[in-house]
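To find a chain, count down the sequence lines: A is the first, B the second, and so on, and within it residues start at 1.
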Amino acid sequence: MTQPDATSQEMAKSYDPRATEDRVYEFWERRGYFKPRPDASKEPFCIVMPPPNVTGELHVGHALTDTVEDILIRWHRMLGDPTLWVPGVDHAGIATQNVVEKQLAKEGLSRHDLGRDEFEKRVWQWVGRYRPIIANQHRKLGASADWSQEVFTLDEGPQLAVRTAFKKLHDDGLIYRGERMINWCPRCRTALSDLEVEHEDQPGNLWYIRYPLVDGSDADGKPHTADEYMTVATTRPETFVGDVAVAVNPKDPRYADKVGRTVLLPVILREIPVVADEAIEMEFGTGTLKVTPGHDPVDFEIAQRVGLPTLNVMNLDATLNTEAGPYAGMDRYEARQVIVRDLEELGYLVKIEPHEMTIGVCTRCHTVVEPLMSWQWFVSMSALAAPAIDVAREGRIAFVPERFEHLYLNWMENIRDWCVSRQLWWGHRIPVWYSADEDGDRMIVTYREHVDAAPLVGTYNELRAQGITHEMIVEHATWTGIEATPIVSIETPERSPTGGGHLLQETDVLDTWFSSGLWPFSTLGWPNDTPDLKRWYPTSVMETGYDIIFLWVSRMIMMGLYCTGEAPFSTVYLHGTVRNEHGQRMSKSLGTGVDPLDVVERFGADAMRYTLITSSGPGNDMRLSDQRVEAGRNFANKLWNAARFVLAMIGEGTVRLPDRMPAADAPLEDRWILSRVEGLARSVDGQMRKFELGEAARQVHEFVWAEFADWYIEIAKVRVRGEDAAGPSPLPVLAYVLDRCLRLLHPVMPFVTEEIWQALARKLDGVDEEALIVAAFPRGESGYHDAAAEREMELLIDVVRAIRNIRAEKKVEPARFIEAYAVSDEQREMLAAGARYIETLARVKPLRVVAAMAEAPRDQAATAVLEGVTVIVPLTGLFDLAAEQARLQKQIADVEAEATRIETKLSNEQFRSRAPEKIIAVEQDRLAAVRARLDGLRAGLAELG
RNA sequence: GGGCGAUUAGCUCAGUUGGUUAGAGCGUCUCGCUUACACCGAGAAGGUCGCAGGUUCGAGUCCUGCAUCGCCCACCA
């Protein structure tokens, strides 16, 4: 077998990710390991990657996504499941349009200067630049995705999927066009869905304005105002020009006699009625609401209930329109100032109170959003939501962590229709056409040939009558077929069904999340019944951040069920938000971001992956700091050096791995480490199945460092170097355990493990796998479990620790060998066998294993009492009687407290009668052990005098 | 106004069905350049598990209330 041109050279003293990662990745990719390997007998495992926006480079949130998904993918690949990870990129309509517009602005251009076609070309150039950058970044992170399957949301396939889904929804009556109150971003100049509006708390004012009540009319027919007023409280005085009524609560006695009368709007001099509606809170302000149905959703509803007209007083750029009389043309905030000033001058402003309020802003540009009436396309949600609620309730889709299911259900149960049309140029153009020949008078066209020229607005026929050709309209205009009949078609129609040939495609595009909702199956070929779709759909796991459950996850579930009849995935795994070390959200503009590639450059991808996956539990936010990544890097280095040692031991030869349970007379430490690594594999398997990926990684870390490196390797050194190297070689076990560790760790730290494994595998007999990435993942089914070995070894370790502890406390020079005794009856044989390890590891020479205290010197000796063994360390010259007494007394106090605790528990009748027998037995055993230790400690103290 | 999460060692976090004396990393202290690793090794110190009740033989873990912080949802102008 070949290897990744890798470790033919000597292993460096410390692991260098930069010298490894790109080469190893290239090896995997060249060998085609990322492509699924078919195995009809196994259940396929498929993840479709959440497509990052083409707006720019990956941030650390993407690194977490890649890490989690790559761990799952690599794990399943190693389990032998046919495994596919589909990568992709999102066109991100509004976001990408904004970045490209910003770029244009630097050249002093707007998109209108270029025109729609040219602008789209510019965006495609942007895409062409960033797609490879993004793909390369995924590679740097180690993502083992099948790059031959990479999809862009504006590729042919997804385009067809979008048109097909739109058509199906429309034909089923689930997409409709209508004039509704929507969120409008005056800067992006487009409608937004409710989810694209962020709510911010802002200090504002409550302006109290009084409207004079009308009392009959003057001789000239103009309304005559009485010296009575209705005072309203508003946060938006500028909208008073759009008021159509003043509303009070029908139960409010203060205003009962006013309902039915009219008031006169100052300045505008429009007479509007006083109406009653339950929605008015009597306690708020004056209990009187000015009703502005054109610019407030609550007011709109009131107007609908009471039967009042809607008045739009704003242009799409948030300046006031001609309805605003003297204020026409002013920006909304300028108008606010002028209007407040005017009202004050005219004596209509009663007072101003500071008032905290929440305000909606555009997610993309943070401009304050304007609620206004507009013709848009909507998806009717309730019918789509019902089955999507069922799949979660019935457990056909599982949420990890579970708590997010409630969040999902709560939102789904209160779902509202989705405004899907966007007045943008970048995106999936709505597959709707209007027939100019037939509906020319029912289409409003906005024609603009030059940017600086004011647009011409009229019906299609009116513009044609002015000499503007159909082609010019197609090129330079936007239009909306307000009352025209939409022709919905998957393919571009040649002519309308009734014959008209001048067709104009709807100029709006779809919300980016519309195509995102189709992602799990549009990437696999839907609507065509492709082999990929058959094989991989429904997918296995959808992994993404909990912050887009509504925006994305819910829509995939609804659209998946609707379009394919199946839930698009069986598990939703949600990760948290990665913050910087100060707990701040990452933000490019605030400069609080962490560049994942920079972290990879400094510490290596493995270190970052280990850190990301172990830094918090599933669904929880985390903080990423250099300090933590350093720990990950250190771990990679530790593993590297452990491997370096093992490989050096093996030298030029090869090793045959153990293939059966070690015999009972095999060395204790062999039986111990084999049992431990077996238990580790079983535990990791369990954690992985529960999606506790971080816990799995931590466990391997703990094992590699604190058991394999600290103890087994140290003991193996003694075995290999001792003069009595006649015993069995530790090499097979050393190699075997290292191999297990590499396999278990590979999904988390793929680079360093593959690099080491390639070097190791060449020295192993009986390994027929060609690369770790496709090697079998251990599941702890080798049958090496040995509880007795684990217990005995633990005791041996405790003996070493006890001696080290005494040495440190008594300040014995580190290099000096001292004499020590291990007194034990039952464990004599085991201690004798392990004596040479204890001697080396604790710097003891000699260790005398004796059966009774009488055989050990008691004068000027420190004592440590363990379970079944007492350690005696003679300290002639270094001994301090008082210190030793104090040491023993402290230990006695601790152990006595423990004994008392257990005694109390065991003498409790309730405990004895109600606790399970197993627990009682455990407590009894513990008490016996603690008492034995206590006896030993007391005897030791007594002997000191 | 609802909902969710967090609160465990100086710091950042684990602790997944309730059951030994609650763990890790980093930091701190004392030693040690011992031929895998100073990105290391040995030893140590450090925690009333936010507060108050409750359930239980037994609670960091379950229940109730409260506090602080954070997030999400929501039409009080």
Using purine N1 to pyrimidine N3 plus N6-O4 or O6-N4 for Watson-Crick, or N1-O2 and O6-N3 for G-U wobble, both under 3.5 Å, which nucleotide pairs with [N]?
N: B/C71; value: B/G3
N: B/A9; value: none
N: B/U48; value: none
N: B/U16; value: none
N: B/G41; value: B/C31
N: B/A22; value: none
N: B/G53; value: B/C63

Taking [M] as the reference, what is the distance to [N] when you measure between their [atom1] atoms (whole Å, please)?
N: B/C37; M: B/A42; atom1: P; result: 14 Å
N: B/C33; M: B/G70; atom1: C1'; result: 47 Å
N: B/G5; M: B/U48; atom1: P; result: 27 Å
N: B/A77; M: B/G65; atom1: P; result: 29 Å
N: B/A59; M: B/U17; atom1: C1'; result: 15 Å
N: B/U61; M: B/G18; atom1: C1'; result: 6 Å
N: B/C29; M: B/U68; atom1: P; result: 37 Å
N: B/A9; M: B/A22; atom1: P; result: 14 Å

What nucleotide, of [options], holds the atom closest to the side chain of [X]?
X: A/F550; options: B/C73, B/U30, B/U16; result: B/C73
X: A/A915; options: B/G19, B/A77, B/A14; result: B/G19
X: A/K905; options: B/A77, B/G25, B/G19; result: B/G19
X: A/H199; options: B/C57, B/U16, B/A74; result: B/A74
X: A/E692; options: B/G15, B/C57, B/U12; result: B/G15
X: A/N805; options: B/C57, B/A36, B/A44; result: B/A44
X: A/N908; options: B/G43, B/C57, B/A14; result: B/C57
X: A/K638; options: B/G5, B/U16, B/C40; result: B/C40
X: A/R579; options: B/C71, B/G43, B/A74; result: B/C71
X: A/S616; options: B/C26, B/C76, B/C13; result: B/C13

Open item on the list: Could you go through A/V60 and A/L624, starting from their C-alpha distance and side-chain angles, then the distance that decides it, and tell me whether this counts as side chain to side chain contact (heavy atoms under 4.5 Å, CB included)?
Closed with: CA-CA 9 Å; A/V60 80; A/L624 186 69; 3.6 Å; yes
Open item on the list: Would you compute the distance between atom CZ of A/R931 and atom CD of A/E896 and round it to the nearest 0.5 angstrom?
Closed with: 12.0 Å
Open item on the list: Check this for me: A/E198, atom CD, are more than 12 non-hydrogen atoms of other residues, nucleotides or ligands nearer than 6.0 Å?
Closed with: yes
Task: More than 12 heavy atoms of other groups within 6.0 Å of A/E356 CD - done: yes
For [N], does the base pair up with any side-chain atom of [X] as donor and acceptor (N or O, under 3.5 Å, distance only)?
X: A/R623; N: B/U12; value: no
X: A/K13; N: B/C37; value: no
X: A/E702; N: B/A14; value: no

Integer-rounded Å distance: [N] [atom2] and [X] [atom1]:
X: A/M608; N: B/G25; atom1: CE; atom2: P; answer: 22 Å
X: A/M181; N: B/C75; atom1: CE; atom2: C1'; answer: 11 Å
X: A/D606; N: B/C39; atom1: CG; atom2: P; answer: 19 Å
X: A/Q924; N: B/G19; atom1: CD; atom2: P; answer: 20 Å
X: A/L407; N: B/G2; atom1: CG; atom2: C1'; answer: 12 Å
X: A/Q627; N: B/A24; atom1: CD; atom2: C1'; answer: 14 Å
X: A/L612; N: B/A14; atom1: CG; atom2: C1'; answer: 16 Å
X: A/D201; N: B/C72; atom1: CG; atom2: C1'; answer: 13 Å

- [ ] Mind running side chain to side chain contact (heavy atoms under 4.5 Å, CB included) on A/Y712 and A/E707 for me, showing each step along the way?
- [x] CA-CA 6 Å; A/Y712 190 79; A/E707 300 194 54; over 6 Å; no
Less than 4.0 angstrom between a side-chain N/O of [X] and OP1 or OP2 of [N], yes or no?
X: A/R644; N: B/C37; value: yes
X: A/K717; N: B/A36; value: yes
X: A/N637; N: B/A36; value: no
X: A/N641; N: B/C39; value: no

TODO: Mind running side chain to side chain contact (heavy atoms under 4.5 Å, CB included) on A/L64 and A/T577 for me, showing each step along the way?
DONE: CA-CA 9 Å; A/L64 176 59; A/T577 306; over 6 Å; no
- [ ] Would you verify whether the NZ or CZ of A/K717 falls within 45 degrees of the ring axis of A/F645 while also being under 6.0 Å from that six-membered ring's centre?
- [x] yes
Open item on the list: One pair to check against side chain to side chain contact (heavy atoms under 4.5 Å, CB included): A/V812 and A/L875. What are the steps and the verdict?
Closed with: CA-CA 9 Å; A/V812 177; A/L875 289 163; 4.0 Å; yes
TODO: Identify, between A/W705 and A/T614, the residue whose nearest nucleotide on RNA chain B lies closer to the 5' end.
DONE: A/T614
Task: Residue mapping more 5' on RNA chain B - nearest nucleotide basis, A/V646 or A/R416 - done: A/V646
Task: A/S907 vs A/K905, side chain to side chain donor-acceptor pair (under 3.5 Å): CA-CA, chis, key distance, verdict - done: CA-CA 6 Å; A/S907 60; A/K905 196 183 231 183; over 6 Å; no
